[in-house]
Amino acid sequence: MAGTRPKRVAGRGRDAVLGVLGLLVVVGLAEALPRLGIVNDSYLPPASAMFAELVDQLGEAAFWTDLGATLRGWATGLAIAMAAGIVLGVVIGSVGFLRDLTASTIEFLRPIPSVALIPLVVLLYGSRPTSALILVVYASFWQILVQVLYGVADVDPVVRDTARSYRFSRLTTVRTVVWPTALPYVMTGFRLAASVALILEITAELIVGVPGLGKSIGVAQSSGAVEKTYALVIVVGIIGVTVNLVARALERRTLRWHVSIRKEAR
Amino acid sequence: GGGESTDEGADGATEITVGVIPIVDVAPIYLGVEKGFFKEEGLDVSLELAQGGAAIIPAVASGQYQFGFSNTTSLLLAQTQDVPVKVVTAGVNATEDPAADMAGVLVKAGSDITSPKDLEGKKVAVNTLKNINTTTTNELVRQDGGDPTKIEYVELAFPEIGPAIEKGDVDAGQVVEPFLTIGTQAGMTDLGSNFVAADPGLAVAEYFTSTSYAESDADTVEAFTAAMNESLDYAQQHPDEVKEILPTYTDIDEKVLAELNMPQWTSEIDAESIQKLADLSETDGLFAKDPDVDALLP
Amino acid sequence: MRFARTIAYALALPIVLVAVWWFASAGSTSVFWPPLSKIVSVFGETWTADRWTGDVLPSLARLAAGYAVAMATGVLLGVVIGLYRPVRAFCEPTLEFFRAVPPPVLVPVIALFLGYTGDASKIVTIALGCLWPILLNTVEGVRGLDEVMLDTARCYRFSAWTRLRQVVLRGASPQIAAGARQALSIGVILMVISELFGANRGLGASIVQFQRSFAVPQMWTGIILLGVLGFLLSVLFRLVEHYSLAWYRGLRQADRGA
Amino acid sequence: MATALDVRGLKKTYTTGGTSLEAIEQLDFSIGQGELVCIVGPSGAGKTTLLRCISGLLDATDGVVELDGAAVTEPPAGMAVVFQEYGRSLFPWLTVRQNVELPLKEKKVPRARRTELVDEALAAVGLADSASSHPWQLSGGMQQRVAIARAIAYEPSVLLMDEPFAAVDAQTRADLEDLVRELWKRLGVTVLFVTHDIDEAVYLGQRVLVLSNRPTVILEDVAIDLPDERDQLTTRSAPRFAELRAHVYELIQKAKKGERPA
Amino acid sequence: MATALDVRGLKKTYTTGGTSLEAIEQLDFSIGQGELVCIVGPSGAGKTTLLRCISGLLDATDGVVELDGAAVTEPPAGMAVVFQEYGRSLFPWLTVRQNVELPLKEKKVPRARRTELVDEALAAVGLADSASSHPWQLSGGMQQRVAIARAIAYEPSVLLMDEPFAAVDAQTRADLEDLVRELWKRLGVTVLFVTHDIDEAVYLGQRVLVLSNRPTVILEDVAIDLPDERDQLTTRSAPRFAELRAHVYELIQKAKKGERPA
Ligand SMILES: Nc1ncnc2c1ncn2[C@@H]1O[C@H](COP(=O)(O)OP(=O)(O)OP(=O)(O)O)[C@@H](O)[C@H]1O
Ligand SMILES: Nc1ncnc2c1ncn2[C@@H]1O[C@H](COP(=O)(O)OP(=O)(O)OP(=O)(O)O)[C@@H](O)[C@H]1O
Ligand SMILES: [Mg+2]
Ligand SMILES: [Mg+2]
């Protein structure tokens, strides 16, 4: 019956509970698998052991220095990639001629793995943070660019005509028409790029030896310290989850008008 | 790349960067830094960790690092490809006892592989294909009367080799410390040291610099060599101090540390051993052209 | 006429860039930055028939399998997560956790369950990398479906299956395409990464092998080959997209006034 | 006449973010089986909201909607709706024919009958030639007619139409009005028809519900006592038609001024 | 009277994929400065197409459109368009006020004047209360009125309107008709008004262009010789109004039957 149906319980509180529940299931699995002997616990230690190690790590100054270095490298690279990807994406996406001209080159460069670039970057910068930065920017830039290109192509023709008929300048059109349309795509691009950037930052630290969490993971790995390896990996995962939370909050603010958000507000 | 010039530290010491790998083998340089051997020579050393020689050699060749640590085969490979590198001092050597070396070939407990020649036709995990580990493992099998060309090598990182053997994905795996001890403690069998098989006291790795740096900063190279040699000898004579320094740059478990097989450290570059390894590598067809061992060594 | 123009546009920039590379690198003496002419000259001898059948093709087969798996799971999971908010709330933090874990650390865990040497763990590695852009875009595409369109489907009481096939998937397809395109190049990248692990042959393994034995010109040919492969795959992709999303181009009037 | 649709105590308040907006204050009415009722009211009164509540697409804040005695909680079987946003209700990836055919497929109408129904419906709205076009290749009025064709091909037992002829020309509109009346008679379908055209409401309906300004209540339920046989020329020129027309117009004017029933 | 708009030999054929569709066969007409011309024609005749060609949004296949003597190749300055797809022409990310204000900002109207214009325009269409809502929180008719408000706040010298009152109720429609005439007189703006409502066309226009069926030509250019002072009651009940109305209706019927000028 339409009117007397129970009201949906407060949406976001329930979402948070469900999300934590989801994580608990994974933690439970990670605890059970080694304990039940399904996997060898010297290769995949039980979750409790990982967390115990993590707690130990939290007390170490070196851990916080590493975390800071990783976050700094990640944020810088991501910011550069976002800025470049958005600007180039909007410019290339809105100018048909540029789109045709660059398409093939973009498709050629995109699949070149950042890992294949590692030796080149090492040649230029050794294990300085710049090495990681270049890899991070290179990898996450494409994520943004492609998302922005698709977003720009999604402008409703009637909206575009409206802007044209009122003779909006190019800049105004970009600001008031193209950008809002592309925004949902950009948000997805941001979420994709944020994790790719994190992955590359860690990988660069791991392989090239740039200071940061990845380097500690590398040391732990080559010493056979499985628990510490996983404890650090958990930290990386937590960064990922946090980034997503931030992205979602941002989305709720900036995309209030979008179907995806307003549908849920009802 | 640049790197011709050398930075002067605040106290007049020359700042140098050395690329190393977080393993037992480089304990002497950590020890030497701690003991002040490098400072005595007017060197201010910073140590950069990387995952392997593949990342260190280009960085040294291009001047990003002044010195680096790499295994002998990689250096020979680089030399045959005209990568401008030059060895300055010994790095680490194998022991002379095949049963107590830093390297070994592990098989599962109760495996029907009981001696190296049984590896024929089997799947063996190594850390890098077509490098020192495959060459020496081949020699181990060859000496035991097996045909190494029938081995199927698979590349896996050291930490993964143990689990892969246990799971049965590979029949055996060539590992170095601490994974050798971790493996034997988990009940696996060591078929013997591939390094020792190639040559007792094999020259496994060296410290090196770029040819241009060797020319332009001969003084620094000399100072580094002197300090390094002192460190190597000191480490060889003070195994207890080595065990104390290890936890400062690795995460090796105490339980493992206690039983770790130590390598040999010597200040002598064993040119013969290097030549022997070069010959073995050529047998395996690793090189595009003959390596010039004399040109590589100081 | 138009075809010719498309080709001209597609080739213009690459030709300029290759020319710049050619002349800028011509006098290079550095081992690591060989002249392009040198790279080109070793291409033929490097990529022999044996390498194509023994390395390149198996790699491509694994790529295809991994991509297909990612496409299927990504779209399926994405639709469910996009349509049902509780499911999204439940899964999202977990997915985000695993999304942030770098393959070099994740691969060993996969191998622990799927084996260290076979194709399975490599295919799963590729699939896992390709999954995210497809999944995220599908979720957002589904969430952004037009309300009136969904209401229409509900009113005419479309079955769940029809709603999925005819409304949800079609409606979200432009954004799914964005994800699928992203995934394609990520797939190529992970094809290489997966072969760093437990492989002795493959395109990625070969490149790494060249790199480690300082066969620098050969390594460059490998990188170029990857780029070319990625480009060809994207041409294939665009062809498929061109036909399956013809309605979308019409709707968005991409070629209006023509 | 059995009651087909019963609306009791219906209220609807929209809440977005912090603000809330009372669209429908209170609505009570019922519609008999096979009745044709028109709804008119000022723009923004809540006609679309009402239709969406009746079709089970929108949860009411309070009150009940019953169709054939059962409470409506989701779109009931045998109902077709023509949305005011006709453009957005068509699937752009399907051709006109596929758009019309899809609900029939869902209803498991056999293929031959389906083709027949689709052809008939498209011909009835004058779109036989455009069957293989996509919606975005059509003019506004043509798109609207596709939506109408889809609804009539469906042969519903309840038909809800939200300003279905807003975008078509006068002659087509007249034709479509006659089409709706013809279908209604032939199939005995219950029709709820929202329109802004007062002539149309009077011409089509057996009753005209006039809504007040927002928050909405019923201002008057006008019975249209015109003969059942209607045609564009004679009916529209009948004096009674003019009277009713004038009366409804007056009500709308009152509604816009904010007048509410005592 | 100077010529404001000159359309000569206009042709438009749509080509999508392999198929092509001739929408406009040939159109020649001109409109004087400050004239108010209505366009009627069967659904799908090409009215929207014509408006889009005039506004420079769509390239014609052949022919010229000249505004004040200059060929139109892109939207000219001082022109405002109300689109038939009112819902899609509003920016969902902006509030009603922002939607109306944005073109004024772009025109560099000073802030104080801007606020004044927006407030006036919103009040004129009866949306003063909804200024801070977003378009998707409004009913269809309200959305359409936002689009109208945006156009009139812009104070254009040429105003193109494509069925702008299709979604509003009868009383609002009458009010808006008077608003357009009032603005037209006050500002001397040239207006081109597409509608399906024949009464509206006759009531508003100085001329009514009746278009044929597709492929489109002009069927007749009807001069509306009603006095310039018009109001809803007296004008609509004048006998000449009825005559003109009947004449235009007849033309539409002919057009729908496919009749073309000799
Ligand atoms: N999603 C929504 N969120 C908030 N308010 C809404 C929403 N939809 C409609 N409203 C408000 O509810 C009221 C009634 O809207 P509705 O669309 O039902 O009007 P209507 O009678 O159909 O008008 P019209 O004839 O103009 O189409 C309006 O004031 C509108 O602003
Ligand atoms: N993008 C397009 N591609 C192909 N054909 C189109 C396109 N847009 C319009 N048409 C065709 O052009 C003809 C004229 O369309 P137009 O929209 O101009 O008609 P209209 O007179 O505005 O009709 P209505 O009164 O129904 O809005 C129609 O037959 C339509 O099918
Ligand atoms: Mg409505
Ligand atoms: Mg039109």
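Keep in mind the model is a prediction, meaning the values are calculated, not measured. In the text below, chain A, chain B and the rest are named by the order of the sequence lines, each starting its count at 1.
The candidate with the highest count of non-hydrogen atom pairs below 4.5 Å against chain A, out of G56(E), A151(E), P103(E), is P103(E).
Enclosure of atom CZ in R253(A) is not indicated, since only 12 or fewer non-hydrogen atoms of other residues, nucleotides or ligands lie within 6.0 angstrom. Crowding of R72(A) atom CZ: a count of heavy atoms from other residues, nucleotides or ligands under 6.0 Å not exceeding 12. No more than 12 heavy-atom neighbours from other residues, nucleotides or ligands sit within 6.0 angstrom of CZ on R111(E).
Listed here is the closest heavy atom pair of A77(E) and R167(A): CA-CD, 3.1 Å. Closest heavy-atom contact between L57(E) and R164(A): O-NH1, 3.3 Å. Pairing each heavy atom of R150(E) with each of T162(A), the nearest pair is NH2-CG2, 3.3 Å. Of all heavy-atom pairs spanning S165(A) and P75(E), the tightest one is CA-CB, 3.7 Å.
Taking 4.5 Å as the limit, every side-chain heavy atom of P135(E) sits out of range of all side-chain heavy atoms of W257(A). Looking at heavy atoms from C-beta onward, V81(E) lies out of side-chain contact with Y166(A) at the 4.5 angstrom threshold. Between W93(E) and T181(A), the closest side-chain pair of non-hydrogen atoms falls below 4.5 Å.
Proximity to chain A (any heavy atom under 4.5 Å) is shown, for S55(E), by neither the backbone nor the side chain. Contacts between P156(E) and chain A at a heavy-atom distance below 4.5 Å are absent for every atom of the residue. Neither the backbone nor the side chain of T254(A) comes within less than 4.5 Å of any heavy atom of chain E. Neither the backbone nor the side chain of L160(E) comes within less than 4.5 Å of any heavy atom of chain A.
Contacts with chain E (heavy atom to heavy atom, under 4.5 Å) involve these residues of residues 172-179 of chain A, listed by number: T172(A), T176(A), V177(A). The interface of residues 74-92 of chain A with chain E, defined by heavy-atom distances below 4.5 Å, is empty.
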**Request:** Quick one: do S169(A) and E106(E) satisfy side-chain contact (heavy atoms from CB on, under 4.5 Å)? Show the steps, please.
**Result:** CA-CA 8 Å; S169(A) 67; E106(E) 213 29 32; 3.1 Å; yes
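The distance from the CZ atom of F168(A) to the NZ atom of K107(E) is 12.0 Å, given to the nearest 0.5 Å.
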